[in-house]
Amino acid sequence: MLKGIKVVDFSKWLPGQYCGMMLADYGAEVVKVESPKGDDPRRFTPQAGPDMSYWHMMLNRNKRDVVVDLKKPEGVAKLKALLQDADVFLEGFRPGYLAQYGLDYEGVKKVNPGIVYASLTGFGQHSHMPAHDLNVIGLASLSAIDEGYGIALPDAQMSAITAATNAFATICMSLLNREKTGQGRYLDVSLYAAALNMKITGVAALYGCDIQKARPFSRVSHYYNVYRCKDGRYMTVGTIEPKFWRRLCEVLECPEILDRQFDFDHEDELIGIVGEHIAAKTQKEWLDIIGDEEFCFTPVLNLRETLATELTEKQRMLQKVQDPEYGELNYLGYPVKISGYDPQPVHRAQRLGEGE
């Protein structure tokens with residue numbers, strides 16, 4: 001769907017690499033630019049081969065790899081040559097770094113005024129503060145689960161992936177706009193802004209409670225929570241709708257709280273009651289009781305279990321590719337299904353400079 005679009009991906013870390021991967025997956029020609037030593041994630045554990053981590057393999061599939069040494073004039077000239085006929089430039093350096101080489105937006109658009117130039121940074125172009133996902137989600141309160149400073153650390157790099165998808169969407173939108181106007185764009189993509197934007201319902205609730213002079217409440221409540229089972233595993237309760245809450249009370253055999261779904265003044269008491277009932281059985285026992293019934297009472301799975309579920313299979317989220325050098329490779333598939341279009345991984349990530 002993006003055939004004919006040329007992207008220069010000069011990003012070292014997850015946000016840019018993921019965005020470049022999406023552009024490549026949907027048919028763009030993506031030229032992955034690396035320094036002579038290669039991106040750091042090449043050397044992450046586990047390794048498929050020398051300087052070829054499974055991280056790098058997953059995120060840089062379908063890209064052509066070239067080496068550019070910005071510390072040498074010929075390296076700067078090489079990158080500028082790549083950018084002259086590019087549609088998109090994707091970079092993830094700290095603000096101002098590329099300006100010294102004439103590779104900031106103002107410099108690049110002099111030779112390519114129609115380029116869509118996307119910068120992915122931790123905090124936008126007004127901050128040089130270094131950060132990774134864990135820092136960003138802490139500052140954006142994404143790891144806070146209540147006003148009592150309880151925390152949860154998600155097993156996903158939320159700000160990085162969200163910023164990458166934001167960049168992907170705005171790149172495509174900018175390319176569409178360029179078709180109408182001929183005008184390029186500069187995109188300032190911030191992981192922090194992307195993370196904070198994910199708190200939209202929390203911000204609405206916080207401001208609403210302030211206006212109504214009500215006690216602030218968190219996303220967690222007795223009817224929307226994670227509870228520990230007898231075997232140390234967990235079940236999630238997402239019974240927002242009253243009909244689901246009623247069914248949960250019936251299954252848990254606690255009719256005394258049936259009419260107290262919105263009794264927020266006794267939150268701790270209700271969490272204790274629901275938690276005590278769920279802790280009386282193992283996760284498997286609860287799953288046997290639920291069977292095929294659907295009322296937002298579901299298990300917490302580990303990643304291996306998730307990949308083996310029927311949900312994952314039906315969504316075609318796992319794609320296996322046989323590579324002559326590395327054997328069978330497993331890729332995560334495409335989250336959005338498009339009628340009449342079924343993209344597949346074309347080739348593995350290349351070795352450093354393999355695409356020269």
Side-chain angles (χ1 to χ4, degrees), residues 137 140-156 158 197-315 317 335:
I137 65 172
S141 81
L142 270 184
S143 49
I145 58 173
D146 57 41
E147 291 297 315
Y149 304 103
I151 64 167
L153 300 182
D155 188 24
M158 298 175 68
N197 192 57
M198 293 177 72
K199 297 285 288 189
I200 186 168
T201 55
V203 171
L206 179 65
Y207 284 154
C209 287
D210 286 349
I211 293 170
Q212 298 294 326
K213 308 299 182 186
R215 180 175 68 89
F217 60 89
S218 71
R219 183 166 176 256
V220 172
S221 70
H222 52 282
Y223 63 80
Y224 198 87
N225 212 330
V226 179
Y227 292 96
R228 186 182 177 93
C229 302
K230 184 178 181 180
D231 56 352
R233 302 206 66 182
Y234 292 86
M235 295 291 291
T236 56
V237 170
T239 53
I240 296 176
E241 296 89 340
K243 63 180 180 180
F244 292 150
W245 168 253
R246 287 194 299 271
R247 183 57 186 142
L248 177 72
C249 292
E250 292 170 359
V251 169
L252 298 185
E253 299 180 351
C254 48
E256 69 277 11
I257 62 172
L258 189 63
D259 298 323
R260 297 178 65 187
Q261 180 176 5
F262 304 112
D263 181 6
F264 298 117
D265 291 332
H266 300 90
E267 192 71 33
D268 291 342
E269 176 194 351
L270 291 168
I271 289 175
I273 292 171
V274 174
E276 182 180 356
H277 281 77
I278 291 178
K281 292 181 172 60
T282 66
Q283 186 189 76
K284 184 179 184 307
E285 287 173 327
W286 284 122
L287 295 179
D288 289 341
I289 291 170
I290 296 168
D292 294 330
E293 192 173 355
E294 300 172 347
F295 59 102
C296 302
F297 186 36
T298 54
V300 175
L301 304 179
N302 62 40
L303 182 56
R304 192 179 300 279
E305 290 170 331
T306 295
L307 294 176
T309 62
E310 186 178 3
L311 289 172
T312 299
E313 180 183 359
K314 286 185 174 181
Q315 286 287 298
M317 284 302 296

All heavy atoms of Ala280 vs all of Lys230, minimum pair found to be O-CD, 3.7 Å
Distance col, row Leu142:CG vs Met158:CE, nearest 0.5 angstrom, shows 5.0 Å
field: Side-chain donor or acceptor of Ser143 paired with backbone N/O of Leu153 under 3.5 Å
entry: no
Flag the pair Lys284 / Asp231 as yes when at least one side-chain heavy-atom distance between them is below 4.5 Å, and no otherwise. no
In short, Gly238 meets Tyr224 closest at the heavy-atom pair CA-CD1, 3.8 Å
- [ ] Please check if the side chain of Thr236 supplies one atom and the backbone of Thr298 the other of a donor-acceptor pair under 3.5 Å.
- [x] yes
Separation between CZ (Arg246) and CG (Asp259), nearest 0.5 Å, reads 9.0 Å
Of all heavy-atom pairs linking Ile289 and Val251, the shortest is CG2-CG1, 4.0 Å
Between the side chain of Glu305 and the main-chain N/O of Asn302, is any donor-acceptor distance below 3.5 Å? yes
Separation between CG (Leu252) and NZ (Lys281), nearest 0.5 Å, reads 8.5 Å
Contact between Asn225 and Tyr234 at the side-chain level, heavy atoms closer than 4.5 Å - yes or no? no
Exercise for the section: With the side chain counted from C-beta on, respond yes when His277 and Ile257 share a heavy-atom pair under 4.5 Å apart, and no when they do not. Expected result: no
Tightest non-hydrogen contact, residues Glu267 and Ser221, listed as OE2-CA, 2.9 Å
| field | Heavy-atom check, side chain of Asp263 versus side chain of Leu270, under 4.5 Å | value | yes
| said: Just checking Glu241: does its CD atom have more than 12 heavy atoms from other residues, nucleotides or ligands closer to it than 6.0 angstrom? | reply: yes
* Can you say whether the rings of Trp245 and Tyr223 are parallel (under 30°), tilted (30 to 60°) or perpendicular (over 60°)? -> perpendicular
Separation between OG1 (Thr201) and CG (Leu206), nearest 0.5 Å, reads 11.5 Å
Distance col, row Met317:CE vs Leu311:CG, nearest 0.5 angstrom, shows 11.5 Å
Nearest heavy-atom approach of Thr239 to Cys296 is CG2-O, 4.1 Å
Rounded to the nearest 0.5 Å, the CD1 atom of Ile273 sits from the NE2 atom of His266 at a distance of 10.5 Å
Please tell me if the side chains of Arg228 and Ile278 come closer than 4.5 Å, counting only heavy atoms from C-beta onward. no
| query | Considering residues, nucleotides and ligands other than Glu293, do more than 12 of their heavy atoms fall under 6.0 Å from its CD? | reply | yes
Margin query: Checking the side chain of Gln261 only, and the main-chain atoms of Ile240 only, is there a donor and an acceptor separated by less than 3.5 Å?
Written below: yes
message = Using 30° and 60° as the class boundaries, would you call the ring planes of Trp286 and Phe297 parallel, tilted or perpendicular?
response = perpendicular
On a heavy-atom basis, the closest approach of Gln283 and Cys229 is N-CB, 3.7 Å
Handout entry: Enclosure of Glu294 CD (heavy-atom neighbours >12, cutoff 6.0 Å)
Key = no
Requested in this report: Evaluate the side-chain proximity of Ile271 to Tyr227: yes if any heavy-atom separation is below 4.5 Å, no if none is.
Outcome: yes
Just so I know, are the side chains of Val300 and Arg233 near enough to count as touching, which here means a heavy-atom distance under 4.5 Å? no
- Heavy-atom neighbours of Asp155 CG exceed 12 at 6.0 Å: no
